[in-house]
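For reference, the structure is listed below as structure tokens.
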Amino acid sequence: MLRRWGNERIAGLREPRVNPACEPVGLPADGRLRLLSFNIQVGNSTERFHHYLTRGWQHLLPHHERVSNLQRIGELLGDYDLVALQETDSGSLRTGYLNQVEYLAQLGSFPYWYQQLNRNLGRLAQHGNGVLSRLQPNLLEDHPLPGPPGRGAILLRFGEGEDALAVVMMHLALGARTRTRQLAYIRELIGGYRHHVLMGDMNTHANELLENSPLRDLGLIAPQTKATFPSWRPQRCLDHILLSPQLSLERVSVLPLSISDHLPVAVEIRLPNFRTGTMPPMLCEEAH
């Protein structure tokens, strides 16, 4: 019998999982962080709109291309320090009971990872978000978002005091009214922080987020406005990494990796008032 997913989840503190094959090695000398957000569509490959129909069975059953797609994603991850993943599976029939976030943490040599379960369909599907990090977070919170069940956000805090960095990873609803409720909730989460990053599949365009949403008073910067969906002929900019104005932007790009139906988004930032020792150890090398 399938377990029904619903609103029984409550927000709360969580502990990141630790990758025993990876060891932290210290802070970067220049305070730079490389961030990536990617809706991986549980490792499914979509190259045309009709594939949603003809390959729809791949959302329910295992297939041989999924692992090779995850390996291609894993090859990409080594260049980044903090990764937000949407549409992951934590281990069910369709993935051969493979926890995709843990697997990608291993492929990318990330010492810390966390899987957020948003839709629990028992053995058929364990659908949610994930985070991969070379930084050890000082705080990690799991938040189900308002509206119909199945959407969530992960809040991480790095560092302490006024220079702490709050990062919220999310996958927002398709409907505008529900999405507004979710953004209001996220706005409350980051209200006490000066420095914040919002990243994920937000299912709307940057100008809507910056000008007409509950985030509009934050002065956020949307460095990336190129289309990310659909990946084979991008027309809509739905995937974002939004920055508070105190963070220095070094680089931004939409990566031409057509595995999922979304393209990944990457930015490189420099932390404000960076001082050695103000944040926990980061960066990782494989243990020998």
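Bear in mind that the values here come from a model prediction, so they are computed numbers and not experimental data.
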Are any side-chain N or O atoms of [X] and backbone N or O atoms of [Y], one a donor and one an acceptor, separated by less than 3.5 Å?
{"X": "R179", "Y": "S213", "answer": "no"}
{"X": "R236", "Y": "P230", "answer": "no"}
{"X": "N118", "Y": "H127", "answer": "no"}
{"X": "D142", "Y": "G12", "answer": "no"}
{"X": "R151", "Y": "L172", "answer": "yes"}
{"X": "R157", "Y": "A164", "answer": "no"}

Evaluate the side-chain proximity of [Y] to [X]: yes if any heavy-atom separation is below 4.5 Å, no if none is.
{"X": "L249", "Y": "I221", "value": "no"}
{"X": "L220", "Y": "H196", "value": "yes"}
{"X": "L215", "Y": "L242", "value": "yes"}

(message) Is it true that, when you exclude E15 itself, more than 12 heavy atoms of the residues, nucleotides or ligands shown sit nearer than 6.0 Å to its CD?
(response) no

(message) Measuring from atom CG of L132 to atom CG of L36, what distance do you get when rounded to the nearest 0.5 angstrom?
(response) 9.0 Å

(request) Hey, could you give me the CZ/CD1 distance between F38 and I73, rounded to the nearest 0.5 Å? (result) 4.5 Å

(message) Could you check whether Q86 and S37, counting side-chain N and O atoms only, form a donor-acceptor pair closer than 3.5 Å?
(response)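 Checked: S37/Q86 side chains pair up, N/O donor to acceptor below 3.5 Å.
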
(request) Answer with yes or no whether the side chains of D89 and Q100 bring together a donor and an acceptor at under 3.5 Å. (result)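 No, because no side-chain N or O of Q100 sits under 3.5 Å from a partner of the opposite role on D89.
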
(request) Would you mind checking if E250 and R32 are paired as a salt bridge, meaning a charged N to carboxylate O distance below 4.0 Å? (result)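 Yes.
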
(message) Using 30° and 60° as the class boundaries, would you call the ring planes of H143 and Y185 parallel, tilted or perpendicular?
(response)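 Perpendicular, since the angle between the ring planes exceeds 60°.
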
